[in-house]
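First up is the structure itself, then whatever we jot down about it.
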Amino acid sequence: MKTLYIIKIGGKLVTDKKKLASLLDDFSSIKAPKILVHGGGNLITEVSAQLGNATEMVSGRRVTDFKTMNVVNMVSGRLNKYIVAQLQKRLCNAVGLSGADGKSILSKKRKATEIDYGFVGDIVSVETGFITTLLNKGYTPVFCPITMSDDGVLLNTNADTIASQLAITLSKTHTVHLKYCMDKPGVLSNIENNDSIISMLSFDTYETLVNTQAISQGMLPKLHQSFSALLNGVKSVSIGNFTLLKPSTKHTKLSL
């Protein structure tokens, strides 16, 4: 099977032009087929505040009302095209996408239980035919954190989940390596100390850290999606900062 790299970038990294440029240099140099998935959480929060909209987070997930969804669409679209343009400058033939394009990622609106998350989508299916066609023709898909429901409603979807579900689905036809690039240099044993990187994180250790509440709320969805990917056919999962794609960079590698 062909090797495929799926790289997810998020946090403050997407708004730090110097760090983002360095990462895009490394990403563009990957010769194998590749997909980039980006979030926009920090920027969405910033723009929402400028517009007078309060941000509500529950267990690392954004509650998305109608006003916030409009901000998500605006910020994600602008950021997506900026990243595509920067990749094109680096001779990487990128194509900016949401889940609505090619009906590539279908979701359903999350049901309101004790918490109503609003316009938040839980992924139902990934259309691999469309994505594989792009990859086979030499294009590099760049996905923003927006999917769509079957009745055409745009939904805010966690970018970590998008990356994981793309990796799981495409692992049926590719050897997939999933890498999460964020603000921190990896999973830390001490959130206040960036040198406390856990170089190898097993599933058992992960469960212990969750039970002892030693993992930050923002990291929980990422780790959940990471282990889900490993359990469902993805070859490897790594977590680090903007230098993750460079050789010999310290980071966290996950294992079952």
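Computed over heavy atoms, backbone and side chain alike; hydrogens, waters and symmetry mates excluded.
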- Message: Other residues, nucleotides and ligands only: do more than 12 of their heavy atoms fall within 6.0 Å of NZ on K81?
- Response: yes

- From N70 CG over to F119 CZ, what is the distance, rounded to the nearest 0.5 angstrom? 9.0 Å

- Query: Do L178 and I7 have side-chain heavy atoms sitting under 4.5 Å apart?
  - Reply: no

- Looking only at atom types and distance, does a side-chain atom of T169 sit under 3.5 Å from a main-chain N or O of Q165, one as donor and one as acceptor? yes

- Query: Counting distance only, does the side-chain N/O of S171 pair as donor-acceptor with the main-chain N or O of I168 below 3.5 Å?
  - Reply: yes

- Linking I/L/V/M/F/W/Y whenever their side-chain heavy atoms sit closer than 4.5 Å, directly or via other members, would V187 and L244 fall into one cluster? no

- Message: Using side-chain heavy atoms (C-beta onward) and a distance below 4.5 Å, is D122 in contact with S107?
- Response: no

- Item | 4.5 Å side-chain heavy-atom contact, N73 and M69 | yes

- Task: Could you give me the CA-CA distance, side-chain angles and deciding distance for L245 and K179, then say whether side chain to side chain contact (heavy atoms under 4.5 Å, CB included) is met?
- Result: CA-CA 8 Å; L245 304 184; K179 298 180 183 291; 3.5 Å; yes

- Message: Taking the basic N atoms (NZ, or NE/NH1/NH2) and the acidic carboxylate oxygens, is any pair closer than 4.0 Å for D150 and K103?
- Response: yes

- Query: Between L79 and C144, is a side chain to side chain contact (heavy atoms under 4.5 Å, CB included) present by the stated rule, with each step listed?
  - Reply: CA-CA 8 Å; L79 183 57; C144 72; over 6 Å; no

- Item | Test item: S28 side-chain N/O and D25 main-chain N/O as donor-acceptor pair under 3.5 Å | no

- Task: May I ask whether M74 and I146 are part of the same hydrophobic cluster, defined by side-chain heavy atoms of I, L, V, M, F, W, Y residues being less than 4.5 angstrom apart, directly or through others?
- Result: yes

- Query: Quick check: does any side chain N or O of T175 sit under 3.5 Å from a backbone N or O of T3, one acting as donor and the other as acceptor?
  - Reply: no

For residues 197-206, please give each side-chain donor-acceptor pair under 3.5 Å, one per line with the distance, not counting sequence neighbours.
{"residue": "S202", "atom": "OG", "partner": "T205", "partner atom": "N", "Å": "3.2"}
{"residue": "S202", "atom": "OG", "partner": "T205", "partner atom": "OG1", "Å": "2.9"}

- Note on the structure: Here the ring pair (Phe, Tyr, Trp, His ring centres under 6.0 Å) pairs for residues 135-191, sequence neighbours left out, are Y5-H177

- Item | Neighbour count above 12 (heavy atom, 6.0 Å) for K184 NZ | yes

- Steps toward side chain to side chain contact (heavy atoms under 4.5 Å, CB included) verdict (H38, N80): CA-CA 8 Å; H38 68 83; N80 186 267; 3.1 Å; yes

- Task: Say whether, by atom type as modelled, one donor and one acceptor occur between the side chain of K34 and the main chain of I30 under 3.5 angstrom.
- Result: yes

- Task: State whether the side chain of T173 and the backbone N or O of L170 hold a donor-acceptor pair below 3.5 Å, judged by distance alone.
- Result: yes

- Any sub-3.5 Å donor-acceptor pair from Q88's side-chain atoms to A94's backbone N or O? yes

- Task: Would you check if V95 and T140 make a side-chain contact, meaning some heavy-atom pair closer than 4.5 Å?
- Result: no

- If you measure from CD1 on I105 to CE on M148, what distance do you get to the nearest 0.5 Å? 11.5 Å

- Message: Would you say that N194 contacts L188 through its side chain, given a criterion of any heavy-atom pair below 4.5 Å between the two side chains?
- Response: yes

- Query: Looking at L134, N136, L4, which hits side-chain contact (heavy atoms from CB on, under 4.5 Å) with P33?
  - Reply: L4

- Message: Among V84, L91, I83, which residue satisfies the side-chain contact (heavy atoms from CB on, under 4.5 Å) criterion with L87?
- Response: I83

- What's the spacing between N93 CG and K137 NZ if we round to 0.5 Å? 12.0 Å

- Message: Less than 4.5 Å apart, side chain to side chain, heavy atoms only: is that true for R78 and L43?
- Response: yes

- Message: Does this structure show an ion pair linking K246 with D26, if we count only N-O contacts that are shorter than 4.0 Å?
- Response: yes

- So, does S149 use its side chain to make a donor-acceptor pair with the main chain of V153 at under 3.5 Å? yes

- Query: Are the side chain of S196 and the backbone of N190 linked by a donor-acceptor contact shorter than 3.5 Å?
  - Reply: yes

- Query: Would V124 end up clustered with L97 when hydrophobic side chains under 4.5 Å apart are linked, directly or stepwise?
  - Reply: no

- Message: Nearest 0.5 angstrom please: D160 CG to K222 NZ, how far?
- Response: 3.5 Å

- Item | Validation row: I131, E127 side chains within 4.5 angstrom (heavy atoms) | no

- Short N-O contact, D183 and K12, less than 4.0 angstrom: no

- Does M1 belong to the same Ile/Leu/Val/Met/Phe/Trp/Tyr cluster as L230, with side-chain heavy atoms less than 4.5 Å apart forming each link? no

- Task: Walk me through it: do L254 and S238 pass the test side chain to side chain contact (heavy atoms under 4.5 Å, CB included)?
- Result: CA-CA 6 Å; L254 281 68; S238 301; over 6 Å; no

- Note on the structure: Between the CZ atom in R110 and the CG atom in N156, the distance rounded to the nearest 0.5 Å is 9.5 Å

- Under 4.5 Å between any side-chain heavy atoms of N241 and P185, yes or no? yes

- Does D101 offer a backbone N or O that forms a donor-acceptor pair with the side chain of S104 under 3.5 Å? yes

- Note on the structure: dist M219:CE -> I191:CD1 (nearest 0.5 Å) comes out at 6.5 Å

